[in-house]
Amino acid sequence: MLLSGAEIIMECLLQEGVEVMFGYPGGAILPTYDAMTKYPQLRHVLVRHEQGASHMADGYARATGKVGVCIATSGPGATNLVTGLATAMMDSVPVVAITGQVPRGSIGTDAFQETDVTGVTLPVTKHNYLVDDIHELAHIVREAFHIARTGRPGPVLIDVPKDIQNEKIEFEYPSDDIRLPGYRPPSAADVNQVEAICDLINNAERPIILAGHGIIMSGSTNELRELAERAQIPVALTLLGKGAMPEDHPLVLGMMGMHGQAQCNLAIQEADLLIALGMRFDDRVTGNLKTYAQKARKIHIDIDASELNKNVKVDVAVAADLRTVLTQVLPEVRATQHSTWLNHIRDWQEESNERDIVHHHEGPGLIAAQVINDLWHSTGGEAITVTDVGQHQMLEAQYYPHRRPATMITSGGLGTMGFGVPAAIGAKFGRPDEEVWAIVGDGGFQMTMCELATAVQENVNINIAVVNNGFLGMVRQWQEIFYEERYQATPMFSPDFCKLAEAFGIPAMRVTQRDQVEESVRFARSYNGPTLIEYVVEKEDMVYPMVPAGADLDNMIRRPKRGEKAEL
């Protein structure tokens, strides 16, 4: 076939199983958009800002496990992708970004909308390419998808000059194996490593599993559950590990870390063995590294060797595919009971329940934790939730338990405000038969609320819950605790969100009382298309527990029990 470079890109996307892509056209990518007219089986979603395109591709990838695809033009179009690419990079999400570039002869001349996109994105991509020969284009696209989805997944960018998109060659899709020098993702543990892991597990008295995003990405949820149940080991989840094991399982302690459940943090500090699976010991999980889990031996299994012994020194470090290693280990793990240890943890759980604001709040106003927990009840805990970043995100992690993997989608490592709505649109495209709720704050929502127009144009059936407290809530919380209530630049004016939604043609409802939450879910479900619910909550609520930055993991600021006075 005699095909243009733009048509070759489309052919390669079909070969890679792509069904939908998110993007925004412009001059340098226009040949590729023109080629789309010949490929109606590839659905293109027109975003309102390129950041939205990268977040949609990210949400699609997290929801499906497939590679998400976003497209932008040169210069500002490409640079607008950067935040979304960094978000995907930090959370190990497979995304391929295709950007237009000025013609090869204009590169380096400061031509209109020219930017060194590969230079700009080098720190926030797993790999990137500037195509300089049309004969290499198909090989590069194949490599990009291979790199994005294998090993530790991540975003890959392909920058394609406009003249290469227009150039034509005789094309045959390459069928040779992909071989990349130096790129060999590890697979299995060796015999000595398996023996060492099993010896530590079989002899531990107070073990705990730390389950991260890698459990979900490697498809190891069944193996995790088998390990926990056979050896009766409690499981603490990272933020991105939520859903790796059903959170109503008696061995699941909830989320660990800065705003994790107290019983998780206390158990980590008292454990004699940490089994870290597909997680990276980031600062929000560990607190003060000098005092972190000092009583524990440590096992760390991760696909990325660079994460091993990086933050926390461990006794057994294994760079390998997590599911493969668990399959190796399970036959050698003895059935065990840790009754004393589990009873001790249950005592901590009961003490935490005495501080639970959902059940003990007595004020007249609506609080965000109640909203999240009532959404959980009203949806049966089965919805895919996609959050923005802030207090509502941490409350979702605490008060919306997930039973299935890849049903809680959020920006963890980068903490990207504005992620929620576009990522929810992407998730809905990936799993159209699932109920999807974007749970966002009034601050983050306003960063990407232009994507409401995308949701309407594409008739995306997502429900948007705007938790409105009139503040940049998490920043305000820090100002209250650490800056003597000097609320500089955190009180926030917002538009009338319901009228805003209605201006886009989106049905909307405002909720101010708790008994309206269930009604709001029925309202949202009654429409086939986007809806928006504004939940007006108390302005100065707090998220507890909270481990101050750099503090010991068990040195938490706790919500006071009923009748106690808060100590900040």
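It should be emphasised that the depicted structure is a prediction, and the values quoted were computed from it without experimental measurement.
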Worksheet item: Would Arg152 and Ser92 count as having a side-chain donor-acceptor pair, cut-off 3.5 Å?
Response: yes
Worksheet item: Got a sec, which pairs hit side-chain hydrogen bond (donor to acceptor under 3.5 Å, both in side chains) with one end in residues 419-433, sequence neighbours left out?
Response: Arg431-Glu434
Worksheet item: Side chain of Asp388, backbone of Gly418: donor and acceptor closer than 3.5 Å?
Response: yes
Discussion item. Pairing donors with acceptors under 3.5 angstrom, does anything connect the side chains of Glu307 and His300?
Written reply: no
Worksheet item: By side chain to side chain donor-acceptor pair (under 3.5 Å), which residues pair with Gln477, not counting sequence neighbours?
Response: Gln391
Worksheet entry | Reference residue Glu396; test side-chain hydrogen bond (donor to acceptor under 3.5 Å, both in side chains); the match among Thr410, Thr387, Asn373, Thr385 | Thr385
Fill in: Spacing of CG belonging to Leu224 relative to CG belonging to Asn222, to within rounding of 0.5 Å
9.5 Å
Discussion item. To check you understand the geometry: which heavy-atom pair defines the closest contact between Val358 and Arg514, and what is its length?
Written reply: O-NH1, 3.5 Å
Worksheet item: Is there a donor in the side chain of Thr512 and an acceptor in the side chain of Tyr535, or the other way round, less than 3.5 Å apart?
Response: no
Worksheet item: Rounded to the nearest 0.5 Å, what separation is found between the CE atom of Met21 and the CG atom of Leu13?
Response: 6.0 Å
Discussion item. Main chain of Val93, side chain of Asp91: is a donor-acceptor contact present, judged purely on distance under 3.5 Å?
Written reply: no
Fill in: Side chains of Gln446 and Ser494, donor plus acceptor under 3.5 Å
yes
Discussion item. Given 3.5 Å as the limit, does a donor-acceptor pair link the side chain of Glu451 with the main chain of Arg48, or not?
Written reply: yes
Worksheet item: If you draw the axis of the six-membered ring of Phe471, does the NZ or CZ of Arg476 fall within 45° of it and under 6.0 Å from the ring centre?
Response: yes
